2 protein chains.
Amino acid sequence: MAAQLEQPTDISTDVALAVSTVIFALRIDPKTGLTTLWIPLVKRIREPHEGQWALPGGPLHCEESLADSAARTLKRSTGLTPKYLEQLYAFGAVDRSPGGSRVVSVVYWALVQSDEAERAVSDDNVEWHVADDLPTLAFDHNTIVEYALWRLRNKMEYSRVAHAFLGETFTLAQLREVYEAVLRKPVDPANFRRQMLASRAIVDTGRRLTGTSHRPPRLYRYNSDFTMADQGPLTPTRSH
Amino acid sequence: MAAQLEQPTDISTDVALAVSTVIFALRIDPKTGLTTLWIPLVKRIREPHEGQWALPGGPLHCEESLADSAARTLKRSTGLTPKYLEQLYAFGAVDRSPGGSRVVSVVYWALVQSDEAERAVSDDNVEWHVADDLPTLAFDHNTIVEYALWRLRNKMEYSRVAHAFLGETFTLAQLREVYEAVLRKPVDPANFRRQMLASRAIVDTGRRLTGTSHRPPRLYRYNSDFTMADQGPLTPTRSH
DNA sequence: CGCCTTAAAGTCATGTCAACCCTTACCCCG
DNA sequence: CGGGGTAAGGGTTGACATGACTTTAAGGCG
């Protein structure tokens with residue numbers, strides 16, 4: 001027999017089976033000398049895991065897509081509006097939520113800009129934490145964070161994820177700082193410049209950042225007609 | 001307020017919201033001169049999309065994990081037992097299933113060996129199709145296939161996915177054939193050998209494949225203490 | 001035994017990339 | 001107004017990866 005694929009008739013929710021979206025939001029703080037990754041956590045105000053910290057999350061509504069749900073939930077619980085949102089993974093172990101209820105969580109991964117982060121959290125139940133040094137979280141959220149960080153660090157080089165952390169325009173030094181925070185190691189400025197320009201991911205605006213106590217760096221912006229897709233492992237850079 | 005994260009109380013399935021798993025299974029056929037990728041499709045026997053071809057799939061049961069559900073569903077609808085199973089993506093657009101029902105599908109991506117494939121399909125409603133040339137499928141399954149193939153081809157080089165297609169031991173020529181089928185282009189045997197051996201992903205068994213009409217090739221097997229994780233962009237190959 | 005086929009190993013040119021040099025530009029401060 | 005500090009931004013080198021090609025090994029078969 002063929003599959004009874006996606007037919008609501010025979011899946012009449014015999015037991016509670018819920019779908020929720022969970023958001024792993026990232027922010028970079030350029031203030032502290034060592035740039036580090038920060039993520040917002042929410043304190044649970046009811047069972048299960050009352051009082052423990054958890055990633056922002058909430059139930060999926062019927063009239064919204066997964067991505068919409070993630071954006072809405074993040075906004076509601078932390079006030080943040082992500083600039084970048086991407087699906088990470090669906091977690092669906094049977095026992096990941098205690099108490100016999102079954103929850104499948106689709107985890108999204110969001111990036112927010114530093115300035116945005118300032119005006120967001122105003123609640124005692126929301127707090128920023130350093131991504132690499134978290135307390136024990138509710139549910140399987142520690143596992144989720146671990147996986148998210150691993151993916152982030154592996155994906156860095158062939159995506160423009162880093163750009164989402166910054167504003168419309170930025171200097172190469174700022175962009176490089178983001179890379180260094182994510183990769184947790186210094187990056188050579190000269191080589192970094194070459195790579196970024198060669199990849200055509202960014203474009204010179206012609207303007208410069210003034211007001212510094214040194215030579216004013218150029219301001220760049222994202223290349224609008226540049227998608228991650230043509231950034232495969234084989235970049236045919238036949239530029240001449 | 002903090003998120004009402006994953007609490008079954010306030011998500012009491014107001015409207016039908018179901019979770020299903022969908023499997024994109026792949027097989028390589030070494031018979032035909034040009035090795036090609038084949039995937040099993042299932043003909044739908046009821047609405048919606050009755051009579052159309054679709055990827056194998058079915059509702060998630062409450063007492064099974066997502067991966068278990070995918071494996072079980074594939075087995076039930078096609079008879080196949082995958083050697084490799086990995087989550088691909090969760091599809092959750094509001095209108096992806098017609099008729100007002102809301103279905104979130106977690107798509108898994110499975111690889112099966114050629115010999116296994118033989119004894120599987122025995123049903124008129126199950127058929128193997130060439131992955132790059134499919135009919136119009138039910139739901140958004142064409143989109144799913146497109147995405148799956150894109151991911152497969154991009155992931156090839158830094159994962160051992162290809163190995164799953166083959167048996168316990170294999171020759172380099174066999175392994176290369178798999179790569180060529182996936183990448184759709186010829187691969188230089190000599191360079192391929194060098195890469196594979198340098199990556200330490202495979203190990204020489206010491207034995208050779210006899211019975212050929214030419215020089216007997218060495219038999220290799222997977223390197224058990226080799227995970228994709230240490231294959232990151234920074235491979236510290238300080239071997240001396 | 002010679003011929004065919006394919007495996008397996010070696011050679012060489014080219015490209016890529018990190019590490020490190022350097023010069024240049026600009027602001028600040030005296 | 002001129003010197004010093006700082007970072008931009010470009011150049012060079014050497015290690016290493018990669019691609020194209022050549023050479024040798026090993027077996028089957030007529």
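Note that the structure is predicted; figures quoted are calculated from it, not measured. Proteins come first, then strands; the chains are lettered A, B, ... in the order of their sequence lines, and each starts at number 1.
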TODO: Could you check Pro216(A) against Pro216(B) and say which one's nearest nucleotide on DNA chain C is further toward the 5' end?
DONE: Pro216(B)
- [ ] Whole angstrom is fine here: how far is it from CZ in Arg176(B) over to C1' in dA7(C)?
- [x] 10 Å
Open item on the list: Between P on dA8(C) and CZ on Arg207(B), what's the gap in Å once rounded to a whole number?
Closed with: 14 Å
TODO: Could you please spell out the steps behind the side chain to side chain contact (heavy atoms under 4.5 Å, CB included) verdict for Leu55(B) and Val42(B)?
DONE: CA-CA 6 Å; Leu55(B) 293 171; Val42(B) 177; over 6 Å; no
Task: Aromatic ring proximity, centroids under 6.0 angstrom, Tyr89(B) and Phe24(B) - done: no
- [ ] Please check the phosphate of dC26(C) (OP1 and OP2 only) for any side-chain N or O of Arg218(A) closer than 4.0 Å.
- [x] no
- [ ] For Lys185(A) and dA18(C), give me the distance from atom NZ to atom P, rounded to whole Å.
- [x] 8 Å
Task: Spacing between Arg208(B) atom CZ and dG28(D) atom C1', to the nearest angstrom - done: 16 Å
- [ ] Measure from CZ on Arg194(A) to C1' on dA18(C) and round the result to the nearest Å.
- [x] 9 Å
Open item on the list: Tell me whether the side-chain N/O atoms of Arg215(A) come closer than 4.0 Å to OP1 or OP2 in dC27(C).
Closed with: no
Open item on the list: Mind checking if Ala173(B) touches a base, just sugar-phosphate, or nothing, with heavy atoms under 4.0 Å?
Closed with: sugar-phosphate
TODO: Return the 5'-most residue of the pair His214(A), Asp188(A) with respect to DNA chain C, ranking by each residue's nearest nucleotide.
DONE: Asp188(A)
Task: Spacing between Ile202(A) atom CD1 and dA8(D) atom C1', to the nearest angstrom - done: 13 Å
- [ ] Please determine if Arg151(B) forms a cation-pi arrangement with Trp109(B), meaning its NZ or CZ atom is less than 6.0 Å from the six-membered ring centre and no more than 45° off the ring axis.
- [x] no
Open item on the list: Under 4.0 Å, counting only non-hydrogen atoms across every strand here, what does Thr212(B) touch: a base, just sugar-phosphate, or nothing?
Closed with: sugar-phosphate
Task: Length of the line joining Arg193(B):CZ and dT11(C):P, which is rounded to integer Å - done: 16 Å
- [ ] Determine the interplanar angle of the His141(A) and Phe139(A) rings, folded into 0 to 90°, and report it as parallel if under 30°, tilted if 30 to 60°, perpendicular if over 60°.
- [x] tilted
TODO: Among Leu88(A), Leu66(A), Val22(A), Leu60(A), find the one that has a side-chain contact (heavy atoms from CB on, under 4.5 Å) with Val106(A).
DONE: Leu66(A)
Task: Whole-Å gap separating C1' (dC21(D)) and CZ (Phe192(B)) - done: 19 Å
Task: N/O (side chain, Gln195(A)) to phosphate O (OP1/OP2, dT16(C)) under 4.0 Å - done: no
